[in-house]
> 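I'd like to ask you about the structure that follows.
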Amino acid sequence: MPEIVIKPKASGIYTVPLEKVRTTLGRSSRNDVCLSDPFASRFHVEVRREGDDYFVADVGSANGTLLNGMLLARQTRLQPNDELRIGETTITFARESNASVASSTSILWTEAHKSQEPDVTIQSARPGRRTSGFLDSLRNTSPDVTSGTVSKAMSDAFERRDLLAVVSKVGVALLSDTTLDQTFDLVMDLVFDTIPAERGFLFLLDGEDLLLKVSRSRTGPATPNTADIQISRSISERVFKEGVAVLTSDAMHDPRFQAADSIILSAVRSVMAVPLSLADQTFGMIYVDNAYDSRFTEDDLKVLTTVAGVASIKIENAKLSDERLEKKRLQEELKVASEIQMRLQPVCPPPIDGYSICAYSISSREIGGDYYDYIERRKQGRYALALGDVSGKGIGAALLMSSLHAAVRAQTQTQHPIREMMANLNQYIADNSPENKFLTLFYTELDPLTGDLHYANCGHNPPILVRSTGQVELLAATGLPIGILHEAEYEEACVKLWPGDVLVVYSDGITESVNTVDEEFGEERLIAVVTKNLNASAGKIRDRIDEALSRFVGVAAPVDDMTLLIVKHGAS
C-alpha cells in the first residue's frame with residue numbers, strides 16, 4: 001500500500017499508509033495526520049486517491065507547500081519519491097511500503113496508529129491439570145460434527161444419565177462456527193438425540209410475543225401450523241415469568257394447566273418446557289411433548305434442562321456473532337459512503353487573482369450532512385460558492401447532501417438567474433425527499449472584476465461580512481429553507497466586496513459547538529476572531545478560527561458537523 005514517510009526536524013521518522021480516499025495533514029488535531037511543526041498551517045495539504053493515482057493539493061496554507069523544491073500551486077499528481085516540504089517537515093511519497101522505515105517509532109498519535117494494539121496471549125494457569133479419560137477423548141472430537149455422529153457418540157452417556165457427559169458432549173457439538181439460524185437447528189438436533197420426544201419447538205421472546213424459530217418432529221422438520229403448535233399459555237407464563245422448568249406427565253388431567261386460556265391438543269399426554277436464559281434473563285424456551293403413553297420423567301427434565309443451559313450460551317454467542325457481522329457490514333457500507341462523500345468535496349479553491357479563498361468541513365460522524373462547493377460559471381464570468389446544512393445526521397442526511405451537490409451543479413449549468421435557480425432547486429428537493437427533511441443553503445456568485453457578490457440565503461444562518469474598517473454586516477435570509485414547501489420564492493441580493501473585506505460562511509456546527517460546561521461558542525466569538533485577524537489571508541483566518549474553537553471546546557465531543565468557507569478580497 002502506498003504511504004508517506006514523514007521526517008520532522010526534531011523527532012523520529014514515521015510512516016502513514018494512505019488508506020483513505022483523502023488524507024489531510026496539518027497542525028490541527030482534526031487532520032488525519034497532525035504535524036508538530038510551528039510553520040505548518042492547521043489545515044495545510046491533502047493527499048487524495050483517484051483510481052490508482054495519488055494527488056496532492058495545498059488547501060490554503062499560510063506559508064505554502066514545496067513539491068520537489070517548487071511552490072505547489074495546484075493539485076498535482078504524485079510520483080514515487082516525490083518530496084513535500086511543509087515548514088521544517090519533509091514528507092516523501094512511497095509507492096510501496098518501506099518495511100525498514102515503517103518500523104520506526106512515531107511520537108505522534110495519528111489515525112494510522114489507532115488500530116495498532118499489541119497481541120495478547122493468555123495461557124492456562126495450570127496447563128498440566130487433567131480431568132478424566134472421558135474428557136480427554138473429547139480433544140480429538142471435531143467441532144463441526146454432525147448431529148448423526150453426535151447421536152451415536154452420546155448414546156451411552158445418556159443411557160447412564162451422566163449430566164457431566166451431557167454437558168461435555170453438547171458443548172463439543174455446539175463448538176462449530178454457525179449462524180444463529182443454524183444454531184437453532186443444531187440445538188433441536190441435540191434435543192431429539194437426548195430426549196424421547198415426538199415433537200419439539202424452540203421459541204424466542206420478542207417483546208410480549210413468542211417467535212417460533214424451529215418446529216420439529218422426530219421424523220423430521222414439521223410444517224409450521226398455528227393450530228398444531230398452540231401450547232399452554234400457563235406453561236409459557238411459568239417458564240418466562242418465573243424462569244422455571246415445567247414437567248407434566250399427563251397434561252390433559254394436570255390441574256395446573258386447566259385454565260380456559262390453556263390450549264393443548266387432546267392427544268398430548270406429556271409435556272416439558274425449559275427456559276433459555278442467561279444472567280437471570282429468560283430469552284427463549286424449548287418445548288417438547290409426546291402424543292403417546294411414553295411419559296417424560298424427572299431424569300428427562302434434568303437432561304433437557306442441561307441441554308438448554310449449554311444451548312443458551314451458544315445461542316447468545318451466535319446472536320452476538322451475527323450482530324458483529326451485521327455491524328461490520330454496516331461499517332463497510334459507511335466506509336464506502338464516506339469515501340463517496342469525500343470525493344464530492346472540492347480539492348482546492350479556485351485561483352482567483354486578488355482573492356484568497358479556503359474552506360474545510362469536518363463531520364461529527366463517519367458521514368455528514370454539511371455541503372460546500374466551488375463552481376466556475378464561465379459564461380457569466382463568475383465563481384459560484386455554496387455552503388449548505390442538511391437537517392438531521394447520519395446516512396439520510398448524507399444522501400440528501402449528495403442530491404444537493406448534484407442539483408446545485410446542474411443548476412449552475414443553466415443561464416437562469418439565482419432566484420430562479422433556487423426555486424428550481426427547492427422544487428427538486430421537495431419532490432424527492434421525505435416531508436421531514438429539508439436543508440438550509442447559502443449560494444453566492446462572485447464577480448472577480450467588480451467584487452460584486454450576488455447571493456440567495458435559503459434559510460441559512462447569516463454569513464458574516466466584515467469590512468476592512470471593522471464594520472460587520474450579516475447577510476440575512478432571502479427565502480425559506482430548501483424543501484419545506486413545494487412552491488417557494490427566493491430573492492436575489494447583492495453586496496460588494498472591497499479590498500480588505502472578509503466574508504465568512506459557516507454551518508451552525510461552528511457557532512453551536514459547546515464546551516465542557518455546555519456553553520456555546522456563539523456568533524459573537526466567531527466575529528471577534530475574524531475582526532482581530534482582518535489583515536490575514538483566508539487560510540490564516542481559518543486557522544485562527546480553528547484554534548479558537550479548539551481552545552473553547554477542549555475535550556468536549558462535537559455536537560454537529562462543522563463547515564467553514566472564507567473569502568478575502570486582497571492578498572495578505
Side-chain angles (χ1 to χ4, degrees), residues 147 150 154 158 161-197 199-216 224 229-249 251 254 256-257 261-262 264 270-290 296-326:
S147 60
V150 170
M154 290 194 294
F158 293 140
R161 288 300 191 257
D162 185 340
L163 294 184
L164 177 60
V166 172
V167 171
S168 300
K169 285 295 185 179
V170 171
V172 168
L174 293 177
L175 279 176
S176 56
D177 186 13
T178 56
T179 65
L180 188 56
D181 287 339
Q182 289 171 338
T183 299
F184 293 147
D185 288 331
L186 182 55
V187 168
M188 291 309 296
D189 287 342
L190 292 169
V191 168
F192 281 100
D193 283 336
T194 59
I195 300 297
R199 299 191 313 169
F201 307 100
L202 191 151
F203 296 91
L204 287 189
L205 191 63
D206 181 24
E208 298 295 325
D209 300 323
L210 280 182
L211 296 182
L212 176 66
K213 307 306 292 186
V214 181
S215 174
R216 187 74 62 83
I229 62 172
Q230 284 184 306
I231 64 172
S232 167
R233 185 178 301 175
S234 300
I235 291 178
S236 63
E237 285 182 353
R238 288 205 65 189
V239 171
F240 284 102
K241 292 184 178 180
E242 302 177 27
V244 298
V246 172
L247 165 65
T248 173
S249 297
D254 193 325
R256 295 175 297 171
F257 312 117
D261 61 358
S262 180
I264 302 178
S270 189
V271 172
M272 284 194 301
V274 296
L276 295 167
S277 59
L278 281 177
D280 297 328
Q281 294 293 320
T282 300
F283 61 84
M285 174 178 68
I286 297 176
Y287 176 99
V288 295
D289 62 28
N290 273 330
F296 295 126
T297 66
E298 291 289 340
D299 284 344
D300 292 325
L301 184 63
K302 288 178 182 178
V303 172
L304 185 60
T305 302
T306 301
V307 172
V310 180
S312 295
I313 300 174
K314 173 62 178 178
I315 290 172
E316 189 65 20
N317 286 339
K319 287 170 63 179
L320 293 174
S321 178
D322 280 9
E323 289 171 2
R324 283 194 297 268
L325 290 174
E326 178 65 12

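Quick caveat: nothing in here was measured; it's all calculated off a predicted structure. One-based numbering along the sequence shown.
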> Would a distance-only check, ignoring hydrogens and angles, find a side-chain to backbone donor-acceptor pair under 3.5 Å from T194 to L190?
yes

> To check you understand the geometry: which heavy-atom pair defines the closest contact between S312 and P275, and what is its length?
OG-O, 4.5 Å

> Checking S277 side chain against D280 main chain: does a donor-acceptor pair fall under 3.5 Å?
no

> First locate atom CD1 of I195, then atom CG of D300, and finally report the distance between them rounded to the nearest 0.5 Å.
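These two atoms lie 5.0 Å from each other.
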
> Using side chain to side chain contact (heavy atoms under 4.5 Å, CB included) as the criterion, point out the one residue from T183, L211, L276 that pairs with L202.
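The residue from T183, L211, L276 that satisfies side chain to side chain contact (heavy atoms under 4.5 Å, CB included) with L202 turns out to be L276.
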
> Could I get the full list of salt bridge (charged side-chain N to carboxylate O under 4.0 Å, His left out) partners for E298, not counting sequence neighbours?
none

> Would you indicate whether the side-chain heavy atoms of T248 and M272 approach each other to under 4.5 Å?
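Heavy-atom side-chain distance check fails, nothing below 4.5 Å.
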
> Kindly give the heavy-atom pair with the smallest separation between G200 and M188, and that separation in Å.
C-CE, 3.5 Å

> Parallel, tilted or perpendicular: which describes the rings of F201 and Y287, with under 30° parallel and over 60° perpendicular?
tilted

> Checking the side chain of E242 only, and the main-chain atoms of V239 only, is there a donor and an acceptor separated by less than 3.5 Å?
no

> To the nearest 0.5 Å, what is the distance between CG (L278) and CG (N317)?
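Those atoms lie 8.5 Å apart.
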
> Just by distance, do the side chain of T305 and the backbone of V274 share a donor-acceptor pair under 3.5 Å?
no

> For a quick test of reading the model, state the closest non-hydrogen atom pair linking R238 to V246 and the distance between them.
CB-CG2, 4.1 Å

> Please report the interatomic distance NZ(K319) to CG(D322), rounded to the nearest 0.5 Å.
10.5 Å

> Between the main-chain N or O of P196 and the side-chain N or O of N290, is there a donor-acceptor pair closer than 3.5 Å?
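Yes; judged by distance alone, with no hydrogens or angles, the pair exists.
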
> Nearest heavy-atom pair of D289 and V271: which atoms, and what distance?
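Taking D289 first and V271 second, the nearest heavy atoms are CB-CG2, 3.9 Å.
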
> Considering all heavy atoms of both residues, which atom of V288 and which atom of V191 are nearest to each other, and what is their separation?
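The answer is CG1-CG1, 3.8 Å.
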
> Would you compute the distance between atom OG1 of T179 and atom CG of L325 and round it to the nearest 0.5 angstrom?
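Going from OG1 on T179 over to CG on L325, the span is 9.5 Å.
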
> Is it true that D189 and R216 make a salt bridge, defined as a side-chain N closer than 4.0 Å to a carboxylate O?
yes

> In Å and rounded to the nearest 0.5 Å, what is the CG to CE distance from L205 to M285?
9.5 Å

> How long is the gap from CZ on F283 to CG on L204, to the nearest 0.5 Å?
7.0 Å

> Is it true that a side-chain atom of S270 and a backbone atom of F296 form a donor plus acceptor pair closer than 3.5 Å?
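Side chain of S270 to backbone of F296, a donor-acceptor pair under 3.5 Å: yes, one is there.
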
> With a distance cut-off below 6.0 Å to the six-membered ring centre and an angular limit of 45° from the axis, does K314 pair with F184 as a cation-pi contact?
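Checked: cation-pi criterion not met.
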
